[in-house]
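Okay, so here's the structure we're looking at.
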Amino acid sequence: MAFFKKSPWLLHYDASSCNGCDIEVLACLTPLYDVERFGCLLTGDPKQSDIFLITGGVNHRNIQIIKNLYDQMPEPKVVVAIGICAYSGGVFSECYNIEGGVASVIPVDVYVPGCAAKPESIIDGVVKALGILEAKQAARGKKQIPAVTEAQGA
Amino acid sequence: MSQHTVIPFGPQHPVLPEPLHFDLVLEDETILDAIPQIGYIHRGLELLVEKRDYQDYVFVAERICGICSFMHGMGYCMAVEEVMHAQVPDRALFLRTLWCELSRIHSHLLWLGLAADAFGFENLFQASWRERELILDMIEETTGGRVIFGSCLVGGVKRDVDADTLGRIVKMLESMKHDLGKLADVFIEDITVRHRLAGVGVLTEKDAYELGAVGPMLRASGVSYDVRKRNYAAYGGIDFDVVTETGGDCYARALVRIREIHQSVEIIKQVVARIPGGDIAVKVTGMPQGEAFARVEQPRGEALYFVRGNGTKFLERFRVRTPTFANIPAMISVLKGQTLSDVPNIILTIDPCISCTER
């Protein structure tokens with residue numbers, strides 16, 4: 001479905017990052033980088049999101065929250081892990097409260113490198129995620145979305 | 001009929017990019033109590049000093065928070081330098097001051113944007129962040145990083161900035177002045193902004209002092225207190241006045257931050273005019289033995305660093321008290337009696353940084 005790719009909604013959650021990647025995610029939305037030109041919209045509601053942007057490693061306290069957010073998102077969904085912390089815990093991997101990367105809790109589709117990840121690479125990650133979203137949607141079959149009849153459209 | 005309702009606020013919510021959780025106890029729309037729960041981004045990085053060399057730990061200290069990253073690194077370095085009796089060269093102190101003030105401007109612009117977003121002024125949010133990108137460009141040009149600079153070392157700084165670049169920074173700030181003024185005018189004059197901020201979340205001078213508020217939160221309530229006046233880094237050679245307001249409400253807190261942006265621009269001009277030549281770092285050798293405190297005025301307020309060395313290359317203890325942590329009691333007292341719709345505004349006007357708070 002081509003329209004899927006044209007307006008993916010983003011959900012952002014800070015697992016346990018230092019904030020650096022998070023403000024870069026926000027910077028992506030603002031005039032210089034402007035991911036909204038790809039039809040993306042940052043939303044606070046997991047039930048309306050297609051792409052899950054997650055920064056930072058996993059700790060004991062937020063493990064359940066990450067699972068909840070992921071479970072609440074409708075299919076198809078794509079997870080983008082931003083920054084080195086989301087991959088392995090990064091500079092904090094030896095901290096006592098860090099369990100490891102995001103992949104230990106939920107399946108991750110795209111990894112964005114960097115500490116902190118630069119907006120350019122975050123945009124690159126989101127664009128890659130759009131392709132995966134499309135592929136996942138195609139794999140689910142075209143029957144999922146009923147055509148709008150005239151009666152419904154009126 | 002009065003009935004108490006508990007509304008969970010957070011940890012995942014659209015107001016702030018970071019997880020912060022409150023249980024708000026309400027009677028109708030009025031908040032009776034707010035119970036904070038923290039720990040969602042606790043990493044335990046203070047204990048990492050036992051595993052990292054004290055010189056390498058600067059880079060972990062910078063990652064306490066991605067917004068005031070440079071100042072965290074600098075605060076840690078200041079404490080270690082005091083333990084080691086290292087004499088930091090003057091040029092390094094001036095460069096540190098330059099980067100501190102650039103961080104302050106970018107942090108305050110970030111806050112103006114987030115605050116505008118919290119009261120639904122999307123356009124103002126975008127406008128503030130557009131200005132912020134210009135500051136980040138200067139930071140990237142001089143340090144190589146946008147949010148994590150990695151340019152502070154125990155004993156000085158890692159990179160020098162040539163006179164040509166310093167001149168361009170001043171020119172750039174001059175050219176931003178007009179746009180910054182326009183942005184500030186919207187915050188100060190606009191009737192919708194005033195309507196959302198004026199008279200909301202008033203913190204009295206007495207409460208601010210007694211609850212131990214710091215930074216713009218304290219200064220907006222009329223207490224003139226700024227750690228920069230204690231002359232760390234190069235602030236001893238810079239002329240500036242502490243910005244204070246007397247309103248104590250959200251509007252006053254916004255005014256303090258706007259005036260501090262202009263103040264930081266003036267400080268940077270003085271730094272560029274007065275920066276001496278010479279080395280940018282002194283080699284620090286030996287093992288830290290003893291303990292020391294350092295205090296730094298961050299965009300959010302006073303941060304305190306404590307280190308204790310035991311004669312090995314690993315420190316025995318490192319402790320940070322961050323400004324947001326100090327401001328939480330004041331914020332909770334302000335929330336009581338306000339309406340639910342003002343909660344995002346009030347939480348944002350303390351400029352919360354949860355990564356710092358929970359470390």
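Not measured: the values here are computed from a predicted model.
- Interface residue A/S17: only backbone heavy atoms are found under 4.5 Å from chain B.
- Put simply, CD1 on B/I148 and SG on A/C18 are 4.0 Å apart, with the number rounded to the nearest 0.5 Å.
- For residues 49-69 of chain B, the pairs satisfying side chain to side chain donor-acceptor pair (under 3.5 Å) are A/E94-B/R52, with sequence neighbours left out.
- With a 4.5 angstrom heavy-atom cutoff, A/L42 does not touch chain B via any of its atoms.
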Next item on the list: Evaluate the criterion side chain to side chain contact (heavy atoms under 4.5 Å, CB included) for residue pair A/T30 and B/R130; output intermediate values, then yes/no.
Entry: CA-CA 7 Å; A/T30 51; B/R130 187 175 54 214; over 6 Å; no

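- Between B/W129 atom CH2 and A/C28 atom SG the span is 10.0 Å, to the nearest 0.5 Å.
- Remark: A/K67 pairs with no residue by the side-chain hydrogen bond (donor to acceptor under 3.5 Å, both in side chains) rule, at least two apart or across chains.
- Only the backbone of B/I64 comes within contact range of chain A, with at least one heavy atom under 4.5 Å from a heavy atom of that chain.
- Of all residues in residues 85-93 of chain A, those placing a non-hydrogen atom less than 4.5 angstrom from a non-hydrogen atom of chain B are A/V91, A/F92.
- With a threshold of 4.5 angstrom between heavy atoms, A/L29 approaches chain B through N, CA, C or O but not through any side-chain atom.
- Contacts between B/Q126 and chain A at a heavy-atom distance below 4.5 Å involve backbone atoms as well as side-chain atoms.
- Judged by distance alone, the side chain of A/N19 and the main-chain N or O of B/I67 form no donor-acceptor pair under 3.5 Å.
- Of the atoms belonging to A/A116, heavy atoms from both backbone and side chain fall under 4.5 Å from chain B.
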Margin query: Quick one, A/E120 with B/R146, criterion salt bridge (Lys or Arg N to Asp or Glu O under 4.0 Å). Give me CA distance, side-chain angles, the key distance, then yes/no.
Written below: CA-CA 12 Å; A/E120 290 89 344; B/R146 275 167 57 88; 5.8 Å; no

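- Residues passing the side-chain hydrogen bond (donor to acceptor under 3.5 Å, both in side chains) test with B/S264 are B/E101, sequence neighbours excluded.
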